[in-house]
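These notes are about the structure you will find just below.
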Amino acid sequence: MIDSKYYNYNLVNYLSQTDIELFQALKAGQPSALGILYDRYGKLVYGLSLRVLKNSQEAEDLTQEIFLNLWYRDNYNPTRGSLSSYLTILTRSRAIDKIRSRGTNLKFLERWGQNMSTQTSAHTPFEQAALKERSQCVRNALAQLPQHYRQVLEMAYYEGLSQSEIAKQLNIPLGTVKTWARQGLLKLKQPLQNLIN
Amino acid sequence: MSGSPTPEHLEELMAGYVLGNLGSEEAEEFRKLLIKNPELIQEVNRLQEVLGLLPYALPQVSPPQHLRSAIVEAVKTPVKTNPIRKLPTPGWGRVVSSVVAVFALALGINNYILRQELKNTKDVITVMQHPETHLFSIKGKGNIATASGSVLMDIAADKAIIALQNIPTPAEGQAYWLWAVVGDKTIRCGQFDIGSNGKVLDKISIPGDSYDHNTEISQLLITLESSQDPRQPSRAIMMVSAS
């Protein structure tokens with residue numbers, strides 16, 4: 001039989017601990033904190049890894065690497081930004097390094113779509129709601145952007161392309177690419193400000 | 001540019017900084033603004049956070065269920081499965097850090113700007129950790145004998161990082177080009193940008209397809225050419241790597 005007091009305590013604790021508290025618990029050597037952080041951000045890290053790497057096994061490996069990095073290394077500094085942002089920056093940078101080191105001749109796009117996992121979510125309703133709300137908010141903000149702003153922003157972010165590579169691919173001047181990317185980012189600031197505190 | 005920048009221009013510079021797409025003049029302008037107004041960093045961090053939200057818009061794909069338990073179990077029993085312990089030894093880490101520091105110090109570049117120019121100092125560390133990375137020391141010749149610096153060639157990732165000083169700004173329509181001598185071929189690696197005060201810190205893509213990865217680069221050359229697509233190093237060689 002479930003001890004309801006214990007259950008409620010843990011549930012409240014689970015939902016209310018901030019990322020910083022969890023990170024401190026993690027540094028104090030509590031593996032359960034890593035589990036909770038994984039429940040919060042595992043989907044985000046995996047989704048981003050999959051988007052950049054386009055391979056589910058590599059995305060899985062990178063997700064594991066990112067969370068173990070959080071455990072074994074002390075690189076995150078809470079005064080410099082949110083944990084979520086730290087995780088996405090690290091994941092993106094590692095993923096792009098990996099695709100660059102594959103060489104230039106692989107045709108990644110051919111693999112896209114073949115590796116999408118369709119497993120059902122293991123996330124609790126709370127996490128799903130928080131993630132869904134954020135996702136919806138970011139999607140709405142992106143949907144408000146002029147299409148070309150969004151395109152150059154996403155090419156730079158997910159493909160790791162330089163501005164001159166984007167200019168070449170889209171056959172537009174380099175200055176235009178820079179302006180579109182910058183304006184795209186700036187236009188996202190206002191609708192997303194509630195999410196960046 | 002004199003006087004205070006307009007709020008719009010300042011925003012543009014901050015967004016360019018976060019996106020890593022500032023030109024060298026803009027980077028210099030922004031560096032000065034940051035020194036004068038260190039509080040700008042807060043707004044830069046906010047933009048960085050905005051950029052970090054982009055992945056939330058991706059289709060929600062759940063990781064396989066076994067991944068969570070693999071991660072949690074790995075830290076409960078930190079034995080052979082710990083991949084971090086396989087990474088370079090502390091000695092190597094110190095070497096890498098000091099090379100990065102030397103790059104920054106030698107060029108007198110504020111670390112903040114160094115990160116901008118390379119997106120992140122981690123670029124250098126990542127490049128140096130690749131097994132196929134080669135570090136070349138490079139010296140000026142003739143009129144620019146005082147020019148010097150280093151080039152890191154990362155053959156695996158097809159990238160080169162160029163860090164030089166005392167380089168004169170080229171005339172209009174001209175540019176510096178890096179070339180690699182491999183066997184009996186001279187391969188064009190790419191053109192790089194000159195920063196302020198005759199300093200260069202640039203990362204360029206090199207044409208990986210042109211190399212036979214089993215053949216060593218015997219020498220690097222830097223020449224002054226037309227900025228438009230030179231096929232061969234035709235003009236005077238300005239700098240060469242130490243043999």
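By convention in this document, chain letters (A, B, ...) are assigned in the order of the sequence lines, proteins followed by strands, and residues within each chain are numbered from 1.
Looking at B:Gln42, there are no atoms closer than 4.5 Å to chain A (heavy atoms on both sides), in backbone or side chain. Both the backbone and the side chain of A:Glu60 have a heavy atom closer than 4.5 Å to some heavy atom of chain B. At a 4.5 Å heavy-atom cutoff, the contact between B:Glu26 and chain A is made by side-chain atoms alone. Of the atoms belonging to A:Leu142, it is side-chain heavy atoms, and not backbone ones, that fall under 4.5 Å from chain B. In this structure, chain B has no heavy atom under 4.5 Å from any part of A:Ala156. Within the 4.5 angstrom heavy-atom criterion, only side-chain atoms of A:Thr88, from C-beta onward, approach chain B.
Salt-bridge annotation for B:Glu49 and B:Arg46: absent, with no side-chain N of the basic residue lying under 4.0 Å from a carboxylate O of the acidic one. A salt bridge links A:Arg51 with A:Glu159: the closest approach of a Lys/Arg side-chain nitrogen to an acidic carboxylate oxygen falls below 4.0 angstrom.
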Given salt bridge (Lys or Arg N to Asp or Glu O under 4.0 Å), test A:Arg94 with A:Glu65 step by step and report yes or no. CA-CA 10 Å; A:Arg94 292 274 167 93; A:Glu65 185 186 323; 2.8 Å; yes

#### Entry: side chain to side chain contact (heavy atoms under 4.5 Å, CB included) between B:Phe192 and B:Leu178, worked out
CA-CA 8 Å; B:Phe192 54 88; B:Leu178 177 70; 4.3 Å; yes

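Interface residues of residues 165-179 of chain A toward chain B, defined by a heavy-atom distance below 4.5 Å and sorted by number: A:Glu165, A:Lys178, A:Thr179.
In this structure, A:Leu153 and A:Tyr157 have side chains that are not in contact, with every pair of non-hydrogen atoms separated by 4.5 Å or more.
At least one donor-acceptor pair closer than 3.5 Å links the side chain of A:Tyr76 to the backbone N or O of A:Leu83.
There is a side-chain donor-acceptor pair under 3.5 Å between A:Gln183 and B:Glu12. No hydrogens or angles considered: nothing links the side chains of B:Arg68 and A:Tyr38 as a donor-acceptor pair under 3.5 Å. A:Gln136 and A:Asn140 are linked by a side-chain donor-acceptor pair at a separation below 3.5 angstrom, with hydrogens and angles left out of the test.
Per-residue counts of heavy-atom pairs under 4.5 Å with chain B were compared for A:Arg139, A:Lys189, A:Arg182; the largest is that of A:Arg182. Here A:Leu44 is the residue among A:Leu44, A:Leu188, A:Leu34 with the most heavy-atom pairs under 4.5 Å with chain B.
For the atom pair CG of B:Leu22 and CD of A:Gln163, the computed distance is 10.0 Å after rounding to the nearest 0.5 Å.
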